There are 2 protein chains.
Amino acid sequence: MAPNIKYSVSKEDHLKAIFHLQQEQGMVTTNALAAALQTRPASVTDMLKKLKEQKLLNYERYKGFKLNNEGRKAAVQIIRKHRLWEYFLVKKLQFGWDEVHEIAEELEHVGSRKLIDRLDAFLGFPEADPHGDPIPDSQGRLPVRRQVSLSQLPLGKTVQVSGVASQTPEMLEVLQYNHIQLGTRLEIRKKFPFDDSLEVKVRNRPPVTLSAQVAKNVLVNDDEPQTERR
Amino acid sequence: MAPNIKYSVSKEDHLKAIFHLQQEQGMVTTNALAAALQTRPASVTDMLKKLKEQKLLNYERYKGFKLNNEGRKAAVQIIRKHRLWEYFLVKKLQFGWDEVHEIAEELEHVGSRKLIDRLDAFLGFPEADPHGDPIPDSQGRLPVRRQVSLSQLPLGKTVQVSGVASQTPEMLEVLQYNHIQLGTRLEIRKKFPFDDSLEVKVRNRPPVTLSAQVAKNVLVNDDEPQTERR
DNA sequence: TTTTGTTTTTAGATTTGTCTAAAATTTATT
DNA sequence: AATAAATTTTAGACAAATCTAAAAACAAAA
């Protein structure tokens, strides 16, 4: 039976942020982590020592760091909790997909393993959260999703939105305004080389123009459109 | 719109415990609170100063204390959260009523007011948690619990002690001796018509006999939480 | 290869919540 | 009322998580 390991809220926040950062770069730096957590480099160094002490990451001073197997497992569990709660908030409690992040930040730190597995079952074992990010299963397996930025696609293609790279409220506002959400099917109608903006069309709506900035952050399925689940 | 006031986990634990204790006695003592929270009297004193500072209770050294209006409101909101989450866990996630308390202890500290109001609606505005304790509504109105004397109940019923009518030291001594206190769950095993005494069983203890006099003064929840026991 | 600049770490302080041991105060007993 | 016992508070210490300011290590440029 899966154990019920619990770290402090701050440690969990650090583990999760390191995990996300090392998806991008292989190694994570003190400054990058401090920026991601809105804290100070000195505080990060302090925490790194504790996490190393607990054998959750490989770290040598001045040399950068990354999670080891143990740390990665812990981080994935937190991400699993975060995304399941987000799914719950949107699908069961009728929250908008742009309101759920902060609340899930709190719920993800609730410890019980049994709770999260029961929640998973209650929700019907969803595969992705409301932002299109894949939900790790109870074994910690994190499905890899082939996602491609909207800006990289050729003209005329019809694709389905499966994720948003930059999940700031400002970004989500733009999408909301243009009636684009997760699962929305888009056709790329025109590309403007001048500013790399592009015009897309959503079914039953007039075409809209998206800036290069926005398009870059809209992730779409490159292959099969995802089947809608209840 | 109801504000989103947040206190530390420890402060919330103290507020809740004080609230429960002052339901019984009007004034709460340092020792009683320390016992309830499994902490030390000195720690309680420390916290009392902070809560007084924040104007959540009336407290003068060596004189006992009780919540003021502000503190009571805060405590009721925490209790609302606790009981709604318990209801959710039992009714939606299929937990047994005896497993949910600890998990709800964590969930109750999640801050968002909107979350709890949405959860309330999702659950259909339930009036009592799985233990039969009433759930405060979103205005903080706490329904008065129906209390019934233990002597009036039918055989076989399992109930939770929610009050003691006669709080004489003699009465409390009897209860103490039989390991019965507030919140203790009892099953009524046998009734003796000869003297109206009855035999009750507390979990993990041998059965004990209570006189009619005693039984009359033990108040219990008159609900049926255990009908849907799994 | 020095010098300069950036990044990271250390040293020391602060805040919150807890503890133990001892002192102060209240309550109970003779 | 005086003494004993219990309760409550204070004093001082400690751990966790954070910070600022300064030092150390590394990287880049002259």
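Convention: sequence-line order gives letters A, B, ...; per-chain numbering from 1. Remember, it's a predicted structure, so these values are computed and weren't measured experimentally.
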Just jot down the side-chain contact (heavy atoms from CB on, under 4.5 Å) partners of [X], sequence neighbours excluded, or say none.
| X | value |
| --- | --- |
| B/N31 | B/T29, B/P41 |
| B/Q23 | B/F19 |
| A/N217 | A/A165, A/S166, A/M171 |
| B/Q77 | B/R80, B/R113 |

**Touch class at under 4.0 angstrom, heavy-atom based, for A/F65 against every strand present** = nothing

**Complete:** Contact check, residues 6-13 of chain A vs DNA chain C, heavy-atom distance under 4.0 Å, returns none

**Complete:** Residues of residues 34-47 of chain B with a heavy atom under 4.0 Å from any atom of DNA chain C, listed by number, are B/T39, B/R40, B/A42, B/S43, B/D46, B/M47

**Item:** A/K50 vs D/dA17: side-chain N/O to OP1/OP2 distance below 4.0 Å
**Value:** yes

**Prompt:** Does any N or O in the side chain of B/E106 come within less than 3.5 Å of the main-chain N or O of B/I103, such that one atom is a donor and the other an acceptor?
**Reply:** no

**Prompt:** Quick check: does any side chain N or O of B/E187 sit under 3.5 Å from a backbone N or O of B/V200, one acting as donor and the other as acceptor?
**Reply:** no

**Asked** Using the C1' atoms of five pairs at each end, what's the angle between the two axes of the helix from C/dT1-D/dA30 to C/dT30-D/dA1, to 10 degrees?
**Response** 10°

**Message:** Using the ring-ring contact (aromatic ring centres under 6.0 Å, His included) criterion, which residues pair with A/H14? Sequence neighbours excluded.
**Reply:** none

**Message:** Suppose we screen for ring-ring contact (aromatic ring centres under 6.0 Å, His included). Which residues come up paired with B/H109, at least two apart in sequence or across chains?
**Reply:** none

**Message:** Do B/S149 and B/S151 pair up side chain to side chain, a donor and an acceptor below 3.5 Å, judged on atom types alone?
**Reply:** yes

**Non-hydrogen atoms of B/G111 and B/N4 that approach each other most closely** = O-OD1, 3.2 Å

**Prompt:** What are the two closest non-hydrogen atoms of B/P143 and B/I135, and how far apart are they?
**Reply:** CD-O, 3.7 Å

**Prompt:** Is it true that atom NZ of B/K6 has more than 12 heavy atoms of other residues, nucleotides or ligands lying nearer than 6.0 Å?
**Reply:** yes

**Request:** Check the pair B/E108 / B/K16 against salt bridge (Lys or Arg N to Asp or Glu O under 4.0 Å), numbers first and verdict last.
**Result:** CA-CA 11 Å; B/E108 76 189 6; B/K16 194 175 62 145; 3.1 Å; yes

**Prompt:** Roughly how many Å is it from CG in A/L51 to C1' in D/dT18, rounded to a whole number?
**Reply:** 15 Å

**Request:** Tell me whether the guanidinium CZ or amine NZ of A/K92 lies under 6.0 angstrom from the six-membered ring centre of B/F88 and within 45° of its axis.
**Result:** no

Can you tabulate the close N/O pairs, meaning under 3.5 Å, that link protein atoms to atoms of nucleotides 25-28 of chain D?
residue, atom, partner, partner atom, Å
D/dA25, O4', A/Y62, OH, 3.4

Please tabulate, for the side chains in residues 53-65 of chain A, all donor-acceptor contacts under 3.5 angstrom to protein atoms that are two or more places apart in sequence or on a different chain.
none

**Fill in**
Outer limits of DNA chain C sitting under 4.0 Å from a non-hydrogen atom of chain B, read 5' to 3', are C/dG17 to C/dT26

